[in-house]
Amino acid sequence: MIGIDLSEKRALVTGGNRGIGRAIAEALAESGADVAVFARSEGSVREAAEAIVGRGVRSLALVGDVSSATDVGRAWDDVTEAWEGLDILVNNAGMTRDNLLLRMKDEEWEDVLAVNLSGAFHWCRLAVRSMIRQRYGRILNVSSVVGLTGNPGQSNYAASKAGLIGFTKSLAAEVAARGVTANAIAPGYIETEMTGAIGEAAKADYASRIPAGRLGDPRDVANLAVFIASPLAGYITGQVICVDGGLTR
Ligand code: NDP
């Protein structure tokens, strides 16, 4: 039996206050890691951090916007002051602004790229330096199957998630020899607030097209994240791993 022990590891999850990020943050904490949470909504960030502390590990509640290099820089200073650095960085924060390309407004394009792609860049640029120095690190970027397949009405989102894959692969090659891995997780259809607006009939239609016959749960993604974040996954880097019930294959 392989056990995953993340005690003594320091993690940060962007968007760790709800949805997939919250499930990842809690699963990392369950495995013994200290977990900092970074997102914009102060109340839920604090609540998530308190829940993590309730599991007997340390947490930090960090409020900010991933698209702002200033916010990320300030949060990074707080992390280094409290914990000196990070072992695990999960770039999970993301958003959608769906529209057909012909109707897409500049801000719909720019906001999605700024959050989903530049957000990961801002965090990685800071965290990777200290990971290289300590000769250990795990970067997990939450992409999407849409970054592999495209999706009508989501050219901005698909571009950001495909960009994240190219970013991850390049970073992986830059840091592999220094004990740092970088991988992308590509979830399929996972039930969270992001997908909550879709009606029951549409959900049933999606489920009928997924070989596993059901939509995903945030925990399905978190289970993979814990493994990729662990010392056991040290020889896995530059990969995109789908968690989609067999949808893309
Ligand atoms: P939710 O909408 O439920 O949560 C999004 C999270 O991102 C929240 O915690 C939110 O916190 C945070 N966030 C959004 N914008 C920013 C920002 N500018 N700065 C900091 N934090 C931000 O989404 P999911 O949990 O469903 O999605 C999580 C990730 O998984 C996203 O990257 C998404 O693209 C990806 N994904 C989701 C799929 C799904 O089916 N649900 C499928 C494939 C990929 P706050 O608002 O407080 O800032």
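All ligand and atom numbering here is 1-based and tracks the order in the structure. Side chains included, hydrogens not; waters and symmetry mates left out as well; all remaining heavy atoms used.
Closest of all the heavy-atom pairs between Ala39 and Asn17 is CB-OD1, 3.4 Å.
For Val226, the side-chain contact (heavy atoms from CB on, under 4.5 Å) partners two or more places apart in sequence, or in a different chain, are Ile4, Leu6, Ala27, Leu28, Ser31.
Side-chain contact between Met95 and Val112 is present, with at least one heavy-atom pair separated by less than 4.5 Å.
For the residue pair Asp98/Gln154, the side-chain donor-acceptor check at 3.5 Å is satisfied. Side chain to side chain, Gln239 and Asn183 fail the donor-acceptor criterion of an N or O pair below 3.5 Å.
For the pair Lys203 and Tyr189, the cation-pi test (distance below 6.0 Å, angle within 45°) is failed.
Within 4.0 Å of ligand 1, the residues that place a heavy atom are Gly15, Asn17, Arg18, Gly19, Ile20, Ala39, Arg40, Ser41, Gly64, Asp65, Val66, Asn92, Ala93, Gly94, Val115, Val142, Ser143, Ser144, Tyr157, Lys161, Pro187, Gly188, Tyr189, Ile190, Thr192, Glu193, Met194, Thr195, listed by chain and number.
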